[in-house]
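Heads up: the structure comes next, in structure tokens.
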Amino acid sequence: MNRSMNRSMIGPALAALVVLLAACDTGDGKTLKDTVVPTTIPPPDTTPLDSVALDSVAIDGELDGAIGVVPDSSAETSALPVVPTEVATGPMEVIGPWQDGAPIDQLYTCDGEDISPPLSWQAVPDAAVELALVVFDDDSGTPTDPAVLWVLAGFNPELISLTEGEVPASAIEATNSAGEVGWTGPCPSTGSGSHDYRFKLHALAQQVELGDGVPVSEVLPYLEDLTIAAAELIGTYER
């Protein structure tokens with residue numbers, strides 16, 4: 001290399017050195033450490049992020065922590081009791097203050113206050129238009145024509161009970177076997193033993209077109225013709 005070429009190279013090299021020293025001067029008498037400039041740039045990381053494949057997400061919620069899985073609130077068990085919506089069905093039934101076939105309280109007889117007993121019933125057919133109640137003394141009269149203590153007819157099928165001595169406003173009362181209009185309580189002959197008193201509830205297909213005081217002999221066949229369902233309760237009494 002000749003001398004002229006060496007001089008031409010020295011000039012630029014000194015200038016570059018001055019610029020480098022100036023860049024490292026902080027002005028407080030200190031110099032910054034040399035910055036290490038990488039000679040190569042690493043390639044970008046193309047490794048895919050961890051993810052849950054769509055076909056691995058359980059629809060039924062087995063992967064609870066999976067991104068994008070919305071819990072199914074309908075699968076949670078309710079703490080409220082399930083109320084059944086079906087209406088109980090069964091045969092029509094009459095319920096009194098005594099068990100079927102058990103003695104009748106003296107209160108409701110000729111030896112007591114002689115008032116009609118409280119009664120209730122259930123499972124009246126939807127097709128019933130009116131109700132009727134007939135009370136028989138099966139041990140008086142004849143087997144085919146027992147004595148009748150009470151005929152109450154023409155009351156609303158939406159009623160579910162009668163209180164002591166109650167006669168619904170819309171009802172009619174027939175003349176019973178004792179010749180009385182209304183209730184005549186059990187009053188068997190002394191020493192005649194226990195009598196069975198049968199309370200028969202009729203569900204009727206149409207309105208009763210009768211008035212108060214109609215003879216029992218006329219009303220009983222009429223009620224039987226209109227009856228679509230019936231239920232009975234037996235009570236006993238003796239003196």
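Just so you know, residue 1 is the first one in the sequence shown, and it goes up from there.
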Show which side-chain atoms of residues 102-115 pair as donor or acceptor with protein atoms under 3.5 Å away, not counting sequence neighbours.
residue, atom, partner, partner atom, Å
Asp105, OD1, Leu107, N, 2.8
Tyr108, OH, Glu164, OE2, 2.8
Thr109, OG1, Gln106, O, 2.8
Thr109, OG1, Asp111, N, 3.1
Thr109, OG1, Tyr237, OH, 3.4
Asp111, OD1, Arg239, NE, 3.4
Asp111, OD1, Arg239, NH2, 3.1
Asp111, OD2, Tyr237, OH, 2.5
Asp111, OD2, Arg239, NE, 3.0
Asp114, OD1, Trp183, NE1, 3.4
Asp114, OD1, Gly185, N, 2.7

Between Glu130 and Gln207, a side-chain donor and acceptor under 3.5 Å: no
Donor + acceptor pair across side chains of Thr184, Asn176 (<3.5 Å):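 On atom types as modelled, these side chains qualify, holding a pair under 3.5 Å.
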Pairwise distance OG(Ser120) to CD(Glu93) - rounded to 0.5 angstrom: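 Ser120 OG to Glu93 CD: 8.5 Å, rounded to 0.5 Å.
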CD1 on Ile234 to NE2 on His195, rounded to 0.5 Å: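 Interatomic distance, His195 NE2 to Ile234 CD1, rounded to 0.5 Å: 13.5 Å.
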How far apart are the closest heavy atoms of [X] and [Y], and which atoms are they?
X	Y	result
Asp212	Ala171	OD1-O, 4.2 Å
Thr227	Ala229	CG2-O, 3.3 Å
Leu149	Pro186	CD2-N, 3.6 Å
Ala203	Ala128	CB-CB, 3.9 Å

Do [X] and [Y] share a hydrophobic cluster, counting only Ile, Leu, Val, Met, Phe, Trp and Tyr and linking them when any side-chain heavy atoms are less than 4.5 Å apart?
X	Y	answer
Val167	Val135	yes
Tyr222	Leu133	no
Leu201	Leu159	yes
Val129	Leu226	no

Heavy-atom donor-acceptor pair, Asp139 side chain to Asp196 backbone, under 3.5 Å: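 A pair under 3.5 Å: yes.
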Check: Thr175 side chain, Gly213 main-chain N or O, donor-acceptor pair, under 3.5 Å: yes
Pair listing, disulfide (SG to SG under 2.5 Å) test, anchored in residues 192-239, at least two apart: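 Disulfide (SG to SG under 2.5 Å) check on residues 192-239 returns no pairs.
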Verdict with supporting geometry, Asp138 and Tyr197, side chain to side chain contact (heavy atoms under 4.5 Å, CB included): CA-CA 6 Å; Asp138 285 337; Tyr197 295 90; over 6 Å; no
Pair listing, salt bridge (charged side-chain N to carboxylate O under 4.0 Å, His left out) test, anchored in residues 218-234, at least two apart: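 Sorted pair list: Arg198-Glu232, Lys200-Glu224.
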Listed once per pair and sorted, the salt bridge (charged side-chain N to carboxylate O under 4.0 Å, His left out) pairs that draw on residues 167-193, sequence neighbours left out: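 Matches after skipping sequence neighbours: none remain.
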Kindly indicate whether the side chain of [X], heavy atoms from C-beta on, has any atom under 4.5 Å from the side chain of [Y].
X	Y	value
Leu162	Pro168	yes
Ser192	Glu238	no
Met92	Pro125	yes
Leu220	Phe136	yes
Trp121	Ile95	no

side-chain contact (heavy atoms from CB on, under 4.5 Å) against Leu223, all qualifying residues, sequence neighbours excluded: Ala132, Val134, Val151, Ala153, Leu204, Val208, Val219
Worked check of side chain to side chain contact (heavy atoms under 4.5 Å, CB included) between Thr236 and Ser194: CA-CA 6 Å; Thr236 64; Ser194 178; 3.5 Å; yes
Residue among Asn156, Val124, Leu152 satisfying side-chain contact (heavy atoms from CB on, under 4.5 Å) with Leu131: Val124
Residue list, ring pair (Phe, Tyr, Trp, His ring centres under 6.0 Å) with Phe199, at least two apart or on another chain: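 Checked Phe199 against ring pair (Phe, Tyr, Trp, His ring centres under 6.0 Å); matches are Trp98.
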